[in-house]
Amino acid sequence: MANKRYKKLEVYYTIGGALFGFLFPFMAIAIDLYIHDSSISIYNIIEVHKINPIHFIIDSAPFVISFVAFLIAQDITKRAKKSREQIEKQANILEKTNKELEKLSIVARETDNAVIIMDKDGNFEWVNYAYTARYGFSEEEHINKNITEISGNIDITELFLECVKLKTAVFYEALVISKNGEKIWSQTTLNPIINETNEIEKLVAIDTDVTRQKKAEEAIKQQNEEILAQALELQNTNEELEKLSIVARETDNAILITDAEGNFEWVNESYTRIFGYTYDQLVSEISNNIIGNKTNDRVRDKINLCLENKQTVNYEFSTFNKDKKKIWIQTTLTPIIGEDGEISKLVAIDSDITKVKEAELEIRKHQKEVEEKNERIEFQNKQIKASIHYAKSIQEAIFPIKQNMDKYFDSFLLFKAKDVVSGDFYWYSNVFTYDVFSQVTLVAVIDCTGHGVPGAFMSMIGTRILNGIINIKKVYQPKVILNLLDIRLRKALKQDQTNNNDGMDVCLCALEKIDSRKTKVTFAGAKSPLYYVRKDSNEVDKIKGSRKRIGGTISKNISKIDFTQHEIILRKGDMMYLSTDGFIDQNNPIRKRFGSKRFIELLSSVSNQPLDMQKEKLNNVLIEYQQGEAQRDDITIMGIKI
């Protein structure tokens with residue numbers, strides 16, 4: 001079409017030359033100058049050559065129109081040709097791009113990795129099939145959601161900003177919860193897509209499932225922790241065995257160990273001292289089993305009861321030692337239960353009660369001599385009671401001796417067990433701290449879960465742990481002591497593995513003399529307060545203990561609480577009181593508690609009196625308030641005068 005127009009313009013040019021003669025070349029020059037140099041106008045040309053303008057316009061009009069049409073046709077032809085070339089070039093580029101995109105589409109579709117395409121702000125635009133298959137979410141459920149709200153990595157916001165700011169890939173791991181609740185560990189590479197102007201257009205995240213590797217790592221970590229725990233437990237067991245070995249070697253009681261069937265395996269030195277037989281002589285000359293030919297029916301029944309019911313039994317019997325002397329023996333036979341629930345060993349502890357039995361016979365035979373031998377009978381009677389109240393004797397043996405406590409501080413102790421044995425106990429230790437080269441006295445009043453036998457067992461455990469922390473490990477800060485006591489009690493009672501919920505409330509103080517008139521008192525409490533009264537004032541001050549107890553089940557909020565300690569300076573003559581809640585919780589016949597307010601008023605009224613009178617006053621007020629009502633709990637109050 002453009003070529004035809006061009007030929008037509010040539011015809012116009014020829015005809016124009018014939019019609020206009022000499023004027024036509026001039027007009028061609030003028031038009032050419034006008035087109036290529038707009039500063040020269042046709043008017044200038046007409047003026048120079050003295051041409052009549054009207055004749056010029058009329059004569060040149062056909063030519064001008066023809067020439068302009070020619071120029072337009074030529075420009076359209078060039079533009080059409082250039083547009084066609086650009087379209088062809090873009091088509092080639094598009095074809096190559098489509099082929100590359102097809103390859104990438106196959107990779108994104110067939111790969112096991114989850115692929116996510118996001119805009120520059122991290123909003124999801126597209127996910128592949130592997131993503132939906134792995135996590136269970138459809139593409140529609142995650143479109144327009146942001147990576148910072150979906151990712152399981154707690155640092156995802158910082159990682160995303162780092163990727164965008166530095167325009168570089170970042171790597172991270174995240175725990176992702178699938179739609180059906182499955183936990184999947186994912187390792188992600190977040191890549192920025194940069195355009196020609198060095199700006200981020202898109203972000204591409206590629207997730208690799210590393211759950212199997214993570215589980216393997218966790219398994220190895222758990223195995224290491226178990227090995228470490230077993231090593232620590234073995235160390236503690238060895239320490240306990242060493243202590244038991246000392247007890248078994250040094251005790252005056254005869255100790256025998258048998259297998260599950262009662263066959264003798266070991267006896268201690270005291271057995272040889274009491275009976276006169278070594279282990280080899282016992283097995284070869286007497287019997288190799290705890291039930292021998294000369295065992296009477298009553299004792300045989302007791303032993304069989306122990307084996308059948310897997311419970312401790314006590315019995316007495318008479319026998320003859322190697323020197324043919326008749327002796328009386330009181331035996332406690334205890335079964336040792338293995339992990340399978342079956343008896344693995346038997347431990348028999350024999351006490352020589354010959355003197356007790358002889359005393360009983362003497363009492364029966366010489367009733368008239370009772371008054372003359374009163375002291376001897378009283379001593380023997382204590383021995384008889386000690387055998388009956390065996391558990392109480394053991395507990396009292398672990399309590400501090402009051403006379404020893406009096407060497408370091410003036411005090412009174414009001415201790416009233418609800419039953420024969422107590423769940424309350426008191427403890428002290430005087431130590432020399434080499435770091436500050438001073439003596440520190442640590443004293444505690446502790447209320448264990450329950451009372452009676454269960455509470456007594458807890459008190460024995462608590463005493464042993466405190467001795468280990470302070471006297472062996474040399475730990476003297478009250479709050480640190482409470483933290484260690486909490487950890488070791490939970491371990492001793494295996495509270496992480498069982499339903500055991502026993503615990504302790506503790507009031508613990510460290511007393512350190514500053515000079516002859518001042519003493520620094522450092523207090524830490526586990527649900528137990530400290531009361532103190534200054535000499536020049538009857539006002540009772542109270543420092544609350546932490547809300548956290550030792551051992552037992554606690555809420556998540558309280559489990560985060562650390563034990564805290566407080567320091568006060570007391571002067572000579574000031575009083576401090578450590579108490580369990582037994583006194584405060586005691587009720588009267590109408591079931592009304594004594595209460596904290598009344599207790600504080602009572603302390604205020606007695607604080608300036610001598611220590612023995614304070615104890616007597618407290619006890620009398622308690623008895624009067626009870627009015628014959630049964631004691632509700634164990635009661636312990638220790639008053640210390642600075």
Side-chain angles (χ1 to χ4, degrees), residues 389 392 395-396 399-400 402 405 410-427 443-456 458-459 503-509 523 525-535 537-545 547 549 574-641:
H389 297 276
K392 182 178 181 181
Q395 185 181 41
E396 290 177 346
F399 284 170
K402 182 65 168 59
M405 294 168 56
D410 295 332
S411 66
F412 73 83
L413 178 68
L414 179 62
F415 182 79
K416 304 183 74 171
K418 178 183 183 299
D419 300 312
V420 177
V421 287
S422 173
D424 282 5
F425 73 98
Y426 53 95
W427 184 94
V443 61
V445 168
I446 300 173
D447 184 0
C448 300
T449 299
H451 43 75
V453 174
M458 287 289 292
S459 70
M504 300 176 181
D505 297 342
V506 182
C507 179
L508 174 64
C509 294
F523 160 73
K527 297 192 72 175
S528 188
L530 172 68
Y531 304 93
Y532 64 94
V533 184
R534 300 191 184 277
K535 182 181 179 181
S537 171
N538 289 331
E539 184 177 351
V540 178
D541 290 312
K542 174 182 177 182
I543 305 176
K544 293 183 178 180
R547 291 187 297 138
R549 72 186 314 209
D574 293 347
M575 285 293 304
M576 53 184 288
Y577 300 93
L578 294 75
S579 174
T580 63
D581 59 4
F583 199 109
I584 294 173
D585 288 342
Q586 180 58 50
N587 59 281
N588 60 11
I590 61 173
R591 304 189 64 78
K592 184 177 181 180
R593 293 169 64 249
F594 190 87
S596 296
K597 182 179 179 181
R598 188 182 282 108
F599 181 68
I600 290 174
E601 291 173 352
L602 177 59
L603 293 181
S604 176
S605 67
V606 303
S607 61
N608 288 327
Q609 299 179 10
L611 293 175
D612 55 348
M613 292 183 65
Q614 290 191 43
K615 176 181 177 180
E616 183 179 0
K617 178 69 173 178
L618 289 170
N619 189 50
N620 290 340
V621 169
L622 178 66
I623 294 173
E624 182 180 351
Y625 187 79
Q626 284 181 258
Q627 298 180 35
E629 189 71 8
Q631 186 172 323
R632 184 175 181 177
D633 196 1
D634 301 318
I635 295 172
T636 306
I637 301 175
M638 181 183 291
I640 299 176
K641 189 171 186 178

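Since we're looking at a predicted model, the values are computed, not measured. Counting begins at 1 with the first residue of the sequence. Computed from heavy atoms alone, side chains included, the values below leave out hydrogens, waters and symmetry copies.
Distance check: F425 CZ to M504 CE gives 5.0 Å after rounding to the nearest 0.5 Å. Taking CG from L622 and CD from Q631, the interatomic distance works out to 7.0 Å, rounded to the nearest 0.5 Å. Here the CD1 atom belonging to I446 is positioned 7.5 Å from the CG atom belonging to L508, to the nearest 0.5 angstrom. The structure places CG of D634 at 11.5 Å from NZ of K416, a figure rounded to the nearest 0.5 Å. Taking OH of Y577 as the reference point, atom CZ of F583 lies at 12.0 Å (rounded to 0.5 Å). For the atom pair N608 CG and K641 NZ, the distance stands at 8.0 Å (nearest 0.5 Å).
Using a 4.5 Å heavy-atom threshold, the side chains of M575 and L611 count as touching. Residues C507 and F523 meet the side-chain proximity criterion, which asks for heavy atoms closer than 4.5 Å.
Between the side chain of N588 and the main chain of I590, a donor-acceptor pair closer than 3.5 Å is present. At least one donor-acceptor pair under 3.5 Å links the side chain of K402 to the backbone N or O of S411. Of the possible polar contacts, none joining the Q586 side chain to the D633 backbone as a donor-acceptor pair under 3.5 Å is found. A distance-only check finds no donor-acceptor pair linking the side chain of S604 to the backbone of V540 [under 3.5 Å]. Not a single donor-acceptor pair under 3.5 Å links the side chain of K527 to the backbone N or O of G545. Here the side chain of S579 pairs no donor or acceptor atom with the backbone of I637 at under 3.5 angstrom.
Summarising the geometry of G455 relative to C448, their closest heavy-atom pair is O-CB, 4.1 Å, with the distance given to 0.1 Å. In this structure, L578 and A444 approach most closely via the heavy-atom pair CD2-CA, 4.2 Å. Considering every non-hydrogen atom in both K617 and V606, the closest pair reads CG-CG1, 3.3 Å. When every heavy atom of K592 is checked against every heavy atom of Y625, the shortest pair comes out as O-OH, 2.7 Å. Scanning all heavy atoms of the two residues, the minimum distance from I584 to S596 falls at CG2-N, 3.6 Å. The two residues F399 and F415 make their nearest non-hydrogen contact at CE1-CZ, 3.5 Å.
With 3.5 Å as the limit, one finds no donor-acceptor pair spanning the side chains of T580 and D447.
With Y532 as the partner, the side chain to side chain contact (heavy atoms under 4.5 Å, CB included) test is satisfied by one option alone out of L603, D574, I543: I543.
Checked against salt bridge (Lys or Arg N to Asp or Glu O under 4.0 Å), K535 has no partners two or more places apart in sequence or in another chain.
For R593 and D585, the salt-bridge test passes: some basic side-chain N is under 4.0 Å from an acidic carboxylate O.
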Could you check L602 against L618 for side-chain contact (heavy atoms from CB on, under 4.5 Å), going step by step and ending with a plain yes or no?
-> CA-CA 8 Å; L602 177 59; L618 289 170; 3.3 Å; yes
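Within a 6.0 Å sphere centred on CD of E616, other residues, nucleotides and ligands contribute 12 heavy atoms or fewer.
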